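Read the structure below first, then the notes.
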Amino acid sequence: MVATDGTERSTRTAPANAGVPAKPSLDGIEARWSAVWQDEGTYAFDRTAERGQVYSIDTPPPTVSGSLHVGHVFSYTHTDVIARYQRMRGREVFYPMGFDDNGLPTERRVQNYFGVRCDPSLPYDPDFTPPAKPGKEQLPISRRNFVDLCEQLTLEDEKGFEELWRRLGLSVDWSRTYATIDTGARAVAQRAFLRNLARGEAYLAEAPTLWDVTFRTAVAQAELEDRERPGAYHTLAFPRPDAAAEPVIIETTRPELLPACVALVAHPDDPRYQALFGQTVRTPLFDVEVPVVAHRLADPEKGSGIAMICTFGDLTDVIWWRELQLPARAVVGRDGRLVTEAPAAITSESGHGHYAELAGKTVHSARVRIVELLTESGALRGEPRPISHPVKFYEKGDRPLEIVTTRQWYIRNGGRDESLRADLRARGGELRWHPEYMRVRYENWVDGLNGDWLISRQRFFGVPFPVWYPLDAEGTPRHDEPIVPDEASLPIDPSSDVPPGYTAEQRGMPGGFAADPDVMDTWATSSLTPLIASGWESDPDLFARVFPMDLRPQAHEIIRTWLFSTVVRTHAEFGVLPWSNAAISGWILDPDRKKMSKSKGNVVTPMAILEELGSDAVRYWAASGRPGTDTAYDVGQMKTGRRLAIKILNASRFALGLTTDAASGGATSAGEGPAAQAAGIPPATPADAAAPAPRAARSMTAPVSEPLDRALLAALAEVVDAATTALDGYDYARALELTESFFWRFCDDYVELVKGRAYGSFGPAGADSARATLTVALSALLRLFAPVLPFVTEEVWSWWQDGSVHRATWPDAAEIRKLADGGRPELLDAVGAALSGVRRAKSAAKVSMKAEVAQARIAGDADTVALVDAAAADLRSAGGIQELTLDPTATGDLTVDVTLA
RNA sequence: GGGCGCGUAGCUCAGCGGGAGAGCGCUCGCCUUACAAGCGAGUGGUCGCAGGUUCGAUCCCUGCCGCGCCCA
């Protein structure tokens, strides 16, 4: 028969049984089914679906400059399980894939890979080719050449990623990929920025900024981390103007900032310093007069309770400087060295002399030298006292951050506006979190914001700000009058594109224009992934069908960055949440309970393990990890998954064999009995009717008459209900556990019990009942397993069903329950316990399980024994029991006394 | 320092007011025509510690100890 798409599919159309291989195997199923899914468009998004029918996913774009590790496999599997479940529930799943190629990690990788570095002052070289091997010295190249290399390398990386994802079986629509630096993403990032700017949510400000001196870029609060570092308290004496008065003693960990000192500060209630407030002191060495001021943030417990305020040693300095309106005397430059020119406040000759000793030195060297100078002058009291204290670092950097005053773009995020902060906090409350307790991470973060979101980065590979500045007659940029492009022209690069109303010759000329030199923070682009993937402003029809999205899956450590920033952007643009659900995955830990990360060198490459054990096995492990819970990398669990997959192959082969071996009653065509409905087999079409109907389907017209069969189906219906509830709550692990444990009972007890009857030992009615039950149960089990084990379930499905299991409907508990017709799940437990008792006796006697039992006597309470009695014939058959006696008079647990033959 | 999560069998983890569970491991057995990459049976835990609530606590409350993470 020819399938609807025109391809030959012999396994689906041959006479019964021919589709079931004699020796089923997992070998090669990943490649085989990935290709079929691709060819048949199994996961293609139907963009005619209405919004209510769509389930849309804001997939995390992995950073292509890194490599995928098992942590990715872990969390992406979780999302895929949900996607597959929703698809089977009848939702049209919008599941795109992005690649994050934007930003510093890519720059670093390109530098190392090609042995180059970006020098923006160089002109573009159209003939440039990178050296075959990176040389010792990094080759300086132009910005455009550098960006070309970034794009070249990330394209290769993307290919490798896609190959792995396909192998893993992600049900992504691969026709819908994006990269965070591609044309569409740049246009979205620039458009969103221009809208922020127009509404006043984006603004340019010259302000003290956390600065990484290695990368020479500003960094945002969200990218900070505290690291414990050794330091030392230095006790310094500040002389009073009245030389006779006692000097003021302060303690500082950063004596090199003494030339930047603008005041001393103590707590307003501190009795020790009441008399000093309003007075002045003079800085040692530099002899600058500074006031003693009061501020609540001065900690009376810390050091001597009085501190020096420098511009700027830390973020508290910035607060003091701003709130107390102190002058700026910056000494640390963007390169992390003390600037050449002494602050103007230093006027004395000796002050200049001392400063000259420090100028040009790194912060570290300056500290060493100033300690010597302070010691010589006598201002340093005692020895420095070593301490350990938290120091702020850029999370990707390895030198402490400095604070320098620079001009930067900011986006309002509630950090300086209580009403916006409250609104954004409320958005977090609106979002459904899985697991629920992850919400507090969001709230902690919002509550702790101390400023707006700084989005400028002084880097090369990123989305440029779509902004130029007019130059006045002296050639000085007018930062207060930025020139912006039309939205229609986006994306633009202001360093090569010319603003409206100007000519290219005017670039950099007085009266002309200059480009904003910076690029946006990667999060400024990543925060727009729901808009990039949905075709915001470029495909309004698609956008209306998929946005706001249903799900954001992501890791917990980027709630403050990715999740929060996305909420900020859509709140500003649309006044809505970007998605209704956030599923937060945990981390992968190595067997020593350490987080797996590249820097720890304990990362496992996923492709090897996928090839060794199969994708379903690895997915099984991933899906066993509870939502949000950190999970150990566990090869043993993967092996269990592989065994499960093999078991599904074998059990399916057997069950399908049982349902087709013996001649069966009716000759009706497939898909018309009630069991056929419950098994998910569609009604026959005219084309199908011409072909021989699989016998598996024929027996499904038979009624499920036996109590044991009804019990099995009743239990199955309960499992379907519970698994459905679990998946609706994003608890894929619970759903898997329920399905798996039912499946083992199905194999070990039910199938063993009905084997004889299904072969026809007790006549056609009993056989048909068993076969119908096996078929219904197998069909439902395959579909329950399908989201977690897409390959093996598709393989088995193809033996006897049309179409993909991944487009089949999710099992319907009500239909199964109807077939069960009042069957009692406890019957299965009771008969299972009886069978177990018989096995125990054989095991204890060390005889084969097929050994005959002369007599078995089963005692228990009347109800339980009656249940066993209802399946007595199957029990006798499965246990090889010649004489079965039932005693319904006992109390307590079922007991089984066995006399072997 | 504040917040959140977690401490249950040798290991990995479920359970979360009335019988302490699964998988792996280990022991013993079985070539049983679906499966020996299998099957059957068994072994194994004062459920972190100390109080409290309750007729009853692994489960709820309080405190403590340990581990992890987030935030300062």
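It should be emphasised that the depicted structure is a prediction, and the values quoted were computed from it without experimental measurement.
Each of B:rA34, B:rC4, B:rA37 was ranked by its minimum atom distance to the side chain of A:Arg642; first place goes to B:rA37. Across B:rA41, B:rU32, B:rA34, the shortest atom-to-atom separation from the side chain of A:Ser848 is found for B:rU32.
Of the side-chain N and O atoms in A:Ser836, one or more sit less than 4.0 angstrom from OP1 or OP2 of B:rA41. Contact between the side-chain N/O atoms of A:Tyr759 and the OP1/OP2 oxygens of B:rA34 is found at a separation under 4.0 Å. Using a 4.0 Å cut-off, some side-chain N or O of A:Lys647 falls inside it from OP1 or OP2 of B:rC39.
What separates CZ of A:Phe74 from C1' of B:rU12 is a distance of 13 Å, to the nearest Å. A straight line from CG of A:Leu644 to C1' of B:rC35 spans 13 Å, rounded to a whole angstrom. Going from atom CG of A:Asp447 over to atom P of B:rC4 covers 13 Å, rounded to whole Å. The separation between A:His389 atom NE2 and B:rG1 atom C1' is 17 Å, rounded to whole Å. For A:Asp731 and B:rA14, the CG to P distance is 10 Å, given to the nearest whole Å. Look at OH on A:Tyr442: it is 19 Å from P on B:rC4, rounded to the nearest Å. Regarding A:Glu752, its CD atom lies at a distance of 11 Å from the P atom of B:rC35, rounded to whole Å. The CZ atom of A:Phe746 sits 14 Å away from the C1' atom of B:rC35 (whole-angstrom rounding).
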List, with names and distances, any nitrogen or oxygen atoms from the protein found under 3.5 Å away from nitrogen or oxygen atoms belonging to nucleotides 70-72 of chain B.
{"residue": "B:rC70", "atom": "O4'", "partner": "A:Arg441", "partner atom": "NH1", "Å": "3.3"}
{"residue": "B:rC71", "atom": "OP1", "partner": "A:Arg560", "partner atom": "NE", "Å": "2.9"}
{"residue": "B:rC71", "atom": "OP1", "partner": "A:Arg560", "partner atom": "NH1", "Å": "2.9"}
{"residue": "B:rA72", "atom": "OP1", "partner": "A:Gln221", "partner atom": "NE2", "Å": "3.3"}

What protein N or O atoms touch nucleotides 24-29 of chain B N or O atoms at under 3.5 angstrom, if any, and at what distances?
none

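Spacing between B:rA36 and B:rG29 at atom C1', rounded to whole Å, works out to 14 Å. Using P as the reference atom, B:rG48 and B:rA57 are 15 Å apart when rounded to the nearest Å. Comparing the C1' positions of B:rU46 and B:rU27 gives an interatomic distance of 25 Å, to the nearest angstrom. The same atom, C1', is picked in B:rA20 and in B:rC61; the two are 23 Å apart, to the nearest Å. As rounded to the nearest Å, B:rC30 and B:rU12 have C1' atoms that lie 29 Å from one another. Separating the C1' atom of B:rG17 from that of B:rU53 is a span of 12 Å, rounded to the nearest Å. Remark: the separation of the P atoms in B:rC60 and B:rC47 is 15 Å, to the nearest Å. For the C1' atoms, the distance linking B:rC59 with B:rU8 amounts to 11 Å, nearest Å.
Looking at heavy-atom distances under 4.0 Å, A:Trp621 makes no contact with the nucleic acid at all. Among the protein residues, A:Arg626 comes within range of the sugar-phosphate backbone only, with heavy atoms under 4.0 Å from sugar or phosphate atoms but none that close to a base. Using a 4.0 Å heavy-atom criterion, one finds that A:Gln637 contacts no nucleic acid atom at all.
When the options A:Ile559, A:Ile558, A:Leu424 are evaluated for a side-chain contact (heavy atoms from CB on, under 4.5 Å) with A:Phe564, the one that passes is A:Leu424. Residue A:Ile858 is tested with A:Asp897, A:Val868, A:Val898, A:Thr864 for a side-chain contact (heavy atoms from CB on, under 4.5 Å); the sole match is A:Val868.
Across all their heavy atoms, A:Met638 and A:Leu613 have their closest contact at CB-CD1, 3.7 Å.
With a 3.5 Å ceiling on both atom-pair distances, the Watson-Crick or G-U wobble partner of B:rC60 is B:rG52. Nucleotide B:rU33: unpaired (no Watson-Crick or G-U wobble partner with both distances less than 3.5 Å). A 3.5 Å limit on both hydrogen-bonding distances identifies B:rG40 as the Watson-Crick or G-U partner of B:rC28. Base pairing of B:rG68: its partner is B:rC4, meeting the Watson-Crick or G-U wobble criterion (both donor-acceptor distances under 3.5 Å). The partner of B:rC11 is B:rG23, judged by Watson-Crick or G-U wobble contacts that both fall below 3.5 Å. In this structure, B:rC47 makes no Watson-Crick or G-U wobble pair, since no nucleotide meets both defining distances under 3.5 angstrom. With both pairing distances under 3.5 Å, B:rC16 is matched to nothing as a Watson-Crick or G-U wobble pair.
Under a 4.0 Å N-O distance rule, the pair A:Asp616/A:Arg642 does not qualify as a salt bridge. In this structure, A:Arg254 does not pair ionically with A:Asp314, as no charged nitrogen and carboxylate oxygen lie closer than 4.0 Å. A salt bridge links A:Arg32 with A:Glu795: at least one charged nitrogen is closer than 4.0 Å to a carboxylate oxygen.
Not less than 6.0 angstrom separates the ring centroid of A:Trp587 from the ring centroid of A:Phe74. For A:Tyr732 and A:Tyr85, the ring centers are positioned 6.0 Å apart or more.
Side-chain atoms of A:Thr566 and A:Arg552 include a donor-acceptor pair closer than 3.5 Å. A:Tyr394 and A:Glu225 share no side-chain donor-acceptor pair at under 3.5 Å. No side-chain N or O of A:Asp749 forms a donor-acceptor pair with one of A:Trp744 less than 3.5 Å apart.
Residues A:Asn650 and A:Asp748 each lie close to RNA chain B; by heavy-atom proximity, the contact nearer the 5' end of the strand is made by A:Asn650.
For A:Arg840 against B:rA41, a side-chain-to-base donor-acceptor contact under 3.5 Å is absent.
The distance from atom CH2 of A:Trp800 to atom CG of A:Leu656, rounded to the nearest 0.5 Å, is 5.5 Å.
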